[in-house]
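All ligand and atom numbering here is 1-based and tracks the order in the structure.
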Amino acid sequence: MTTPPAVNQIEVNPWYQQSTEVAFNQSEGVRVEAWAPFAEGKHDIFKDPTLAEIAGSHQKTTGQVILRWLLQRGITVIPKSVHRERMIENIAVFDFELTPDEMTTITSLDRRESQFFDHRDPVTIEQIFGSSLRQLKEDN
Ligand SMILES: NC(=O)c1ccc[n+]([C@@H]2O[C@H](COP(=O)([O-])OP(=O)(O)OC[C@H]3O[C@@H](n4cnc5c(N)ncnc54)[C@H](OP(=O)(O)O)[C@@H]3O)[C@@H](O)[C@H]2O)c1
(Lines give C-alpha, C1' and ligand atoms only; values in the text may rest on other atoms or scores of the structure.)
Protein backbone atom coordinates (compact mmCIF):
# COMPACT_ATOMS: atom_id res chain seq x y z
CA MET A 1 0.00 0.00 0.00
CA THR A 2 1.51 3.34 -1.01
CA THR A 3 -1.18 5.69 0.30
CA PRO A 4 -1.77 5.42 4.05
CA PRO A 5 -5.24 6.14 5.46
CA ALA A 6 -5.64 9.79 6.43
CA VAL A 7 -7.93 9.02 9.37
CA ASN A 8 -8.55 5.97 11.52
CA GLN A 9 -11.69 6.05 13.67
CA ILE A 10 -11.26 3.79 16.68
CA GLU A 11 -12.91 3.68 20.08
CA VAL A 12 -11.11 6.10 22.38
CA ASN A 13 -12.54 7.48 25.61
CA PRO A 14 -11.30 7.76 29.22
CA TRP A 15 -12.34 4.15 29.98
CA TYR A 16 -10.64 2.77 26.86
CA GLN A 17 -7.68 4.93 25.99
CA GLN A 18 -5.92 2.73 23.42
CA SER A 19 -2.52 4.36 24.11
CA THR A 20 -0.51 1.86 22.06
CA GLU A 21 -2.89 1.97 19.11
CA VAL A 22 -3.08 5.79 19.14
CA ALA A 23 0.72 6.08 19.31
CA PHE A 24 1.13 3.61 16.44
CA ASN A 25 -1.34 5.45 14.19
CA GLN A 26 0.25 8.79 14.99
CA SER A 27 3.76 7.45 14.35
CA GLU A 28 2.53 6.38 10.89
CA GLY A 29 1.06 9.84 10.21
CA VAL A 30 -2.53 8.56 10.49
CA ARG A 31 -4.95 10.90 12.27
CA VAL A 32 -6.94 9.15 15.00
CA GLU A 33 -10.60 10.10 15.38
CA ALA A 34 -12.37 9.04 18.56
CA TRP A 35 -15.26 6.66 17.99
CA ALA A 36 -17.60 7.13 20.96
CA PRO A 37 -15.52 9.86 22.66
CA PHE A 38 -18.07 9.88 25.53
CA ALA A 39 -18.48 6.08 25.42
CA GLU A 40 -21.92 7.02 24.04
CA GLY A 41 -22.71 8.31 27.56
CA LYS A 42 -22.59 4.78 28.97
CA HIS A 43 -21.15 3.64 32.30
CA ASP A 44 -21.80 6.94 34.09
CA ILE A 45 -18.92 8.62 32.27
CA PHE A 46 -20.38 12.08 32.90
CA LYS A 47 -20.59 11.39 36.65
CA ASP A 48 -17.02 10.22 37.15
CA PRO A 49 -15.73 12.00 40.30
CA THR A 50 -12.15 12.39 39.05
CA LEU A 51 -13.25 13.99 35.80
CA ALA A 52 -15.79 16.10 37.69
CA GLU A 53 -13.11 17.41 40.06
CA ILE A 54 -10.84 18.41 37.18
CA ALA A 55 -13.82 20.01 35.43
CA GLY A 56 -14.68 22.01 38.55
CA SER A 57 -11.18 23.45 38.79
CA HIS A 58 -11.51 24.85 35.26
CA GLN A 59 -15.20 25.91 35.58
CA LYS A 60 -15.91 23.42 32.81
CA THR A 61 -18.11 20.32 32.51
CA THR A 62 -17.02 16.70 32.61
CA GLY A 63 -17.79 16.39 28.91
CA GLN A 64 -15.58 19.36 28.09
CA VAL A 65 -12.71 17.82 30.06
CA ILE A 66 -13.06 14.57 28.11
CA LEU A 67 -12.99 16.42 24.78
CA ARG A 68 -10.05 18.55 25.85
CA TRP A 69 -8.12 15.47 27.00
CA LEU A 70 -8.68 13.86 23.59
CA LEU A 71 -7.67 17.03 21.70
CA GLN A 72 -4.48 17.37 23.77
CA ARG A 73 -3.62 13.82 22.73
CA GLY A 74 -3.89 14.94 19.10
CA ILE A 75 -7.14 13.03 18.58
CA THR A 76 -10.01 14.38 16.47
CA VAL A 77 -13.40 14.53 18.20
CA ILE A 78 -16.91 14.70 16.73
CA PRO A 79 -19.16 14.20 19.76
CA LYS A 80 -22.78 13.40 19.06
CA SER A 81 -25.63 15.32 20.71
CA VAL A 82 -29.23 16.03 19.78
CA HIS A 83 -29.33 18.94 22.27
CA ARG A 84 -28.42 22.43 21.08
CA GLU A 85 -27.06 23.51 24.47
CA ARG A 86 -24.79 20.45 24.59
CA MET A 87 -23.52 21.13 21.07
CA ILE A 88 -22.60 24.66 22.22
CA GLU A 89 -20.97 23.20 25.34
CA ASN A 90 -19.02 20.63 23.33
CA ILE A 91 -17.46 23.22 21.03
CA ALA A 92 -16.37 25.45 23.94
CA VAL A 93 -13.19 23.54 24.66
CA PHE A 94 -10.56 25.80 23.11
CA ASP A 95 -10.28 28.32 25.95
CA PHE A 96 -8.64 26.15 28.61
CA GLU A 97 -5.85 23.63 28.89
CA LEU A 98 -5.40 20.54 31.07
CA THR A 99 -2.11 20.47 32.98
CA PRO A 100 0.35 17.58 32.52
CA ASP A 101 -0.68 16.32 36.00
CA GLU A 102 -4.36 16.34 35.00
CA MET A 103 -3.55 14.49 31.77
CA THR A 104 -1.69 11.86 33.83
CA THR A 105 -4.59 11.58 36.30
CA ILE A 106 -7.01 10.89 33.45
CA THR A 107 -4.59 8.29 32.05
CA SER A 108 -5.03 6.38 35.33
CA LEU A 109 -8.78 5.95 34.62
CA ASP A 110 -8.07 3.57 31.72
CA ARG A 111 -9.98 0.26 32.09
CA ARG A 112 -8.22 -1.14 29.04
CA GLU A 113 -11.30 -2.71 27.54
CA SER A 114 -13.90 -1.68 25.02
CA GLN A 115 -17.05 -0.27 26.59
CA PHE A 116 -19.11 -2.01 23.90
CA PHE A 117 -17.72 -5.29 22.60
CA ASP A 118 -14.49 -7.18 22.01
CA HIS A 119 -13.42 -6.91 18.37
CA ARG A 120 -11.17 -9.95 18.86
CA ASP A 121 -13.98 -12.23 20.10
CA PRO A 122 -14.95 -14.73 17.35
CA VAL A 123 -18.64 -14.66 18.41
CA THR A 124 -18.71 -10.87 18.14
CA ILE A 125 -16.93 -10.96 14.77
CA GLU A 126 -19.48 -13.49 13.52
CA GLN A 127 -22.39 -11.30 14.69
CA ILE A 128 -21.03 -8.15 13.05
CA PHE A 129 -19.32 -9.43 9.93
CA GLY A 130 -20.51 -13.02 9.48
CA SER A 131 -23.03 -12.49 6.69
CA SER A 132 -20.76 -10.01 4.83
CA LEU A 133 -17.82 -12.42 4.97
CA ARG A 134 -19.96 -15.31 3.68
CA GLN A 135 -21.24 -13.10 0.86
CA LEU A 136 -17.67 -12.12 -0.06
CA LYS A 137 -16.66 -15.79 -0.20
CA GLU A 138 -19.65 -16.61 -2.41
CA ASP A 139 -18.83 -13.73 -4.76
CA ASN A 140 -15.27 -14.93 -5.15
N1 LIG B 1 -20.96 4.80 17.93
C2 LIG B 1 -21.01 4.39 16.67
O3 LIG B 1 -21.39 3.25 16.36
C4 LIG B 1 -20.59 5.31 15.58
C5 LIG B 1 -20.34 4.79 14.35
C6 LIG B 1 -19.94 5.63 13.33
C7 LIG B 1 -19.83 6.99 13.57
N8 LIG B 1 -20.09 7.48 14.79
C9 LIG B 1 -19.95 8.92 15.00
O10 LIG B 1 -19.11 9.18 16.10
C11 LIG B 1 -19.51 10.41 16.73
C12 LIG B 1 -19.71 10.16 18.17
O13 LIG B 1 -21.01 9.63 18.46
P14 LIG B 1 -21.27 8.36 19.37
O15 LIG B 1 -22.61 7.87 19.00
O16 LIG B 1 -20.14 7.45 19.26
O17 LIG B 1 -21.42 8.85 20.88
P18 LIG B 1 -20.59 9.82 21.88
O19 LIG B 1 -20.27 11.09 21.20
O20 LIG B 1 -19.52 9.06 22.58
O21 LIG B 1 -21.72 10.06 22.97
C22 LIG B 1 -22.99 10.53 22.64
C23 LIG B 1 -23.83 10.51 23.92
O24 LIG B 1 -23.37 11.54 24.80
C25 LIG B 1 -24.45 12.43 25.09
N26 LIG B 1 -23.85 13.77 25.16
C27 LIG B 1 -23.26 14.46 24.16
N28 LIG B 1 -22.77 15.62 24.62
C29 LIG B 1 -23.06 15.66 25.94
C30 LIG B 1 -22.81 16.61 26.97
N31 LIG B 1 -22.14 17.74 26.75
N32 LIG B 1 -23.25 16.32 28.23
C33 LIG B 1 -23.90 15.18 28.48
N34 LIG B 1 -24.17 14.24 27.55
C35 LIG B 1 -23.75 14.48 26.29
C36 LIG B 1 -25.43 12.28 23.97
O37 LIG B 1 -26.72 12.54 24.41
P38 LIG B 1 -27.70 13.55 23.64
O39 LIG B 1 -27.63 13.25 22.17
O40 LIG B 1 -29.03 13.24 24.25
O41 LIG B 1 -27.19 14.93 23.97
C42 LIG B 1 -25.28 10.77 23.65
O43 LIG B 1 -26.03 10.00 24.59
C44 LIG B 1 -20.76 10.88 16.03
O45 LIG B 1 -20.42 11.90 15.13
C46 LIG B 1 -21.26 9.61 15.34
O47 LIG B 1 -22.00 9.90 14.19
C48 LIG B 1 -20.45 6.67 15.81
- Message: Looking at Gln9, I'd like to know if its CD atom is crowded, meaning that more than 12 non-hydrogen atoms belonging to other residues, nucleotides or ligands lie closer than 6.0 Å.
- Response: yes
- Under 4.0 angstrom from atom 35 (C) of ligand 1, is there any protein heavy atom? yes
- Do ligand 1 and Pro79 have nitrogen or oxygen atoms that lie under 3.5 Å from each other? no
- Item | Atoms in ligand 1 flagged as close to Ala39, the criterion being non-hydrogen separation under 4.0 Å | 20 (O)
- Item | Region of Asn90 that comes within reach of ligand 1 [heavy atoms, distance under 4.0 Å] | side chain
- Is it the case that more than 12 heavy atoms not belonging to Ile125 sit under 6.0 Å from its CD1 atom? yes
- Item | Ala36 neighbourhood, listing ligand 1 atoms whose heavy-atom distance to it stays under 4.0 Å | 16 (O), 20 (O)
- Item | Exercise check, heavy-atom protein proximity under 4.0 Å to atom 47 (O) of ligand 1 | no
- Message: Test of understanding: given a 4.0 Å heavy-atom threshold, classify the contact between Glu89 and ligand 1 as side chain, backbone, both, or neither.
- Response: side chain
- Message: Check the orientation of Phe116 and Trp35. Use parallel for under 30°, tilted for 30 to 60°, and perpendicular for over 60°.
- Response: perpendicular
- Note on the structure: Note: heavy atom closest to atom 1 (N) of ligand 1, options Glu33, His83, Glu40, Gln9, belongs to Glu40
- Item | Heteroatom proximity flag, Ile78 to ligand 1, N/O under 3.5 Å | yes
- Using distance alone, determine whether Pro37 and ligand 1 share an N or O pair under 3.5 Å. yes
- Query: Nearest 0.5 Å, what's the CZ-CZ distance between Arg86 and Phe38?
  - Reply: 9.5 Å
